[in-house]
Amino acid sequence: MDSNQAGKQHSLMGSEAASERTLYPYVTGSSVVALKFKDGILMAADMGGSYGSTLRYKSVERLKPAGKHSLLGASGEISDFQEILRYLDELILYDNMWDDGNSLGPKEVHNYLTRVMYNRRNKFDPLWNSLVLGGVKNGQKYLGMVSMIGVNFEDNHVTTGFGNHLARPILRDEWHENLSYEDGVKLLEKCMRVLLYRDRSAINKLQIAKITEEGVTISPPYALKTFWGFSAFENPTVGAEGSW
Amino acid sequence: MDLDLSAPHSMGTTIIGVTYNGGVVLGADSRTSTGVYVANRASDKITQLTDNVYVCRSGSAADSQIVSDYVRYFLHQHTIQLGQPATVKVSANLVRLLSYSNKNMLQTGLIVGGWDKYEGGKIYGIPLGGTIIEQPFAIGGSGSSYLYGFFDQAWKEGMTKDEAEQLVVKAVSLAIARDGASGGVVRTVIINSEGVTRNFYPGDKLPLWHEELEPHNSLLDILNTSSPEPMNI
């Protein structure tokens with residue numbers, strides 16, 4: 001889209017070469033976990049925006065609809081995610097302006113995002129995000145992922161960040177075709193709970209989003225109960241003082 | 001540590017923006033440092049963007065000034081074209097645009113706050129990187145590290161104007177007590193449907209915290225007011 005390029009140079013320095021920066025992120029979101037279920041896609045993410053090790057923002061929405069048929073979840077730098085949402089907004093707008101009865105499905109949106117991410121990576125100027133794109137169009141469910149270097153793939157369940165290490169094994173074991181909505185939510189919550197226990201940048205305030213042929217629903221923020229009642233937790237260093 | 005007078009001016013800073021039932025209160029300290037030297041002990045970090053929108057600046061003094069200058073310039077033109085006061089949201093998004101597009105070069109965290117007839121009082125935090133986030137209250141600058149816990153406990157929805165201002169003054173004052181890069185006076189700006197009010201709380205009028213002592217003109221005054229008192233350990 002030409003207007004994207006036109007809008008990009010709001011630099012204060014007149015002639016700034018396409019910056020060669022492989023930056024570092026400032027405000028970051030943690031894992032996103034998503035899976036296919038009977039009627040569509042379920043996606044979960046917490047609402048944290050970390051600033052280094054500080055849990056600075058606790059109401060960041062990291063799951064957003066993109067057009068009628070897609071849902072986008074992001075981890076990584078929040079400012080870059082906000083910019084991606086602007087790009088998508090424009091993409092969907094242009095698509096609607098054709099007014100031809102056709103609308104971009106999740107596969108197309110995923111492809112667009114992949115191109116954007118990969119091309120930025122090639123310029124050593126990445127958008128520091130891992131994106132999860134899920135949707136349903138004409139009964140076809142789609143769930144894909146793009147990383148900040150442009151690696152992309154689709155699968156029955158995807159995760160970003162820590163989720164890859166902690167949630168994926170659970171999903172590999174317990175996911176199956178035609179999960180009901182309730183089972184899907186419970187499975188996501190199982191993953192999110194583990195992330196809450198073991199991911200330092202996770203906070204206990206999350207949203208679960210659902211996308212089906214009917215459309216997108218994003219739950220209000222809520223918190224999960226955690227379990228600490230193991231007897232082993234009560235006096236863990238008895239017999240080995242100083243250990244933990 | 002050597003006195004590096006050519007170090008870039010940085011506003012260590014404590015900045016705060018708080019919404020209340022009817023508007024917003026913005027607050028800041030007044031210290032601008034060049035390395036360890038305090039270049040300006042009475043800076044004004046709360047800068048006007050339009051009649052109804054102000055911004056609290058932190059980080060690099062130069063960067064925050066130039067961003068606010070550009071945004072003021074753009075908003076001025078926008079207001080003329082629009083024919084009515086700019087909204088807080090538009091002002092904040094302009095700040096975001098500059099912060100995000102120039103994220104390589106800028107080192108400034110900003111809090112935009114104001115009042116408009118559509119949304120009332122609003123606060124937007126724009127940290128390093130150019131994320132924009134609307135919040136009921138925002139804290140920023142190096143001194144804000146010491147205030148996360150304080151606000152978690154003391155903040156409540158639906159405060160009155162006076163409660164909100166007292167909270168801001170107390171918070172900046174607490175941050176000044178512990179952050180070497182914050183100091184001087186506490187300035188507040190209150191923005192609501194009626195307009196803008198600027199307040200000034202000089203260092204000697206702020207509350208005293210743990211291990212801080214009542215200031216005196218001289219030891220002699222202390223000695224003369226009472227007979228020699230034994231020193232307490």
Side-chain angles (χ1 to χ4, degrees), chain A residues 4-29 47-62 64 74-87 89 120 123-129 203-205 221, chain B residues 17 19 58-60 62-74 89 92-111 123-149 151-152 155 157:
Chain A
N4 265 349
Q5 271 61 43
K8 215 176 290 188
Q9 288 291 53
H10 287 275
S11 307
L12 299 175
M13 279 172 64
S15 60
E16 186 197 290
S19 46
E20 290 212 346
R21 57 160 191 185
T22 312
L23 270 190
Y24 29 78
Y26 290 101
V27 181
T28 54
M47 300 188 76
S50 300
Y51 190 76
S53 58
T54 304
L55 304 173
R56 190 169 183 184
Y57 301 107
K58 295 189 179 183
S59 295
V60 182
E61 290 187 20
R62 299 195 289 117
K64 291 281 186 184
S75 64
E77 169 67 48
I78 301 297
S79 64
D80 286 343
F81 174 52
Q82 291 178 340
E83 192 73 356
I84 287 168
L85 290 173
R86 281 163 185 267
Y87 287 153
D89 215 31
R120 288 288 296 259
K123 295 191 284 186
F124 284 90
D125 181 20
L127 290 161
W128 205 284
N129 296 109
I203 63 162
N204 196 2
K205 190 172 177 191
Chain B
T19 57
S58 78
S60 156
D63 289 351
S64 65
Q65 277 174 2
I66 199 73
V67 169
S68 68
D69 284 350
Y70 269 107
V71 173
R72 191 179 312 116
Y73 168 67
F74 291 140
K89 191 179 225 173
N93 274 107
L94 272 174
V95 174
R96 177 215 81 98
L97 183 63
L98 288 174
S99 295
Y100 181 77
S101 313
N102 297 284
K103 62 158 86 186
N104 307 339
M105 290 182 291
L106 295 175
Q107 204 183 77
T108 171
L110 302 149
I111 297 178
I123 293 284
Y124 292 87
I126 303 159
L128 257 48
T131 311
I132 181 170
I133 180 144
E134 201 242 294
Q135 301 168 82
F137 71 90
I139 56 178
S142 57
S144 67
S145 308
Y146 308 97
L147 297 177
Y148 284 99
F151 271 91
D152 277 348
W155 160 261
E157 198 70 55

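From a predicted model like this one, the values you see are computed outputs, not experimental measurements. Here is how names work: the chains are called A, B, and so on, in the same order as the sequence lines, proteins then strands, and each is numbered from 1.
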S.K.: Given salt bridge (charged side-chain N to carboxylate O under 4.0 Å, His left out), test Lys103(B) with Asp125(A) step by step and report yes or no.
M.R.: CA-CA 11 Å; Lys103(B) 62 158 86 186; Asp125(A) 181 20; over 6 Å; no
S.K.: Identify the residues of residues 48-58 of chain A whose heavy atoms come closer than 4.5 Å to a heavy atom of chain B, ordered by number, or report 'none'.
M.R.: Tyr51(A), Thr54(A), Arg56(A), Tyr57(A)
S.K.: Tell me, please, which residues at least two apart from Asp69(B) pass salt bridge (Lys or Arg N to Asp or Glu O under 4.0 Å).
M.R.: Arg72(B)
S.K.: Please list, chain by chain and in numerical order, all residues satisfying ring pair (Phe, Tyr, Trp, His ring centres under 6.0 Å) with Tyr26(A), sequence neighbours excluded.
M.R.: Tyr24(A)
S.K.: Need one label for Ile126(B): side chain, backbone, both or neither, based on atoms under 4.5 Å from any heavy atom in chain A.
M.R.: neither
S.K.: Under the rule for salt bridge (Lys or Arg N to Asp or Glu O under 4.0 Å), what residues qualify as partners of Lys64(A), not counting sequence neighbours?
M.R.: Glu61(A)
S.K.: Side chain, backbone, both or neither: which part of Gln135(B) has a heavy atom under 4.5 Å from chain A?
M.R.: side chain
S.K.: Provide the closest heavy-atom pair for Val27(A) versus Leu128(B) in the form atom of the first, atom of the second, distance.
M.R.: CG2-O, 4.3 Å
S.K.: Name the orientation class of the two ring planes belonging to Trp155(B) and Phe137(B) (parallel below 30°, tilted from 30 to 60°, perpendicular beyond 60°).
M.R.: tilted
S.K.: Would you say that more than 12 heavy atoms from the other residues, nucleotides or ligands in this model lie under 6.0 Å from the OH of Tyr148(B), or not?
M.R.: yes
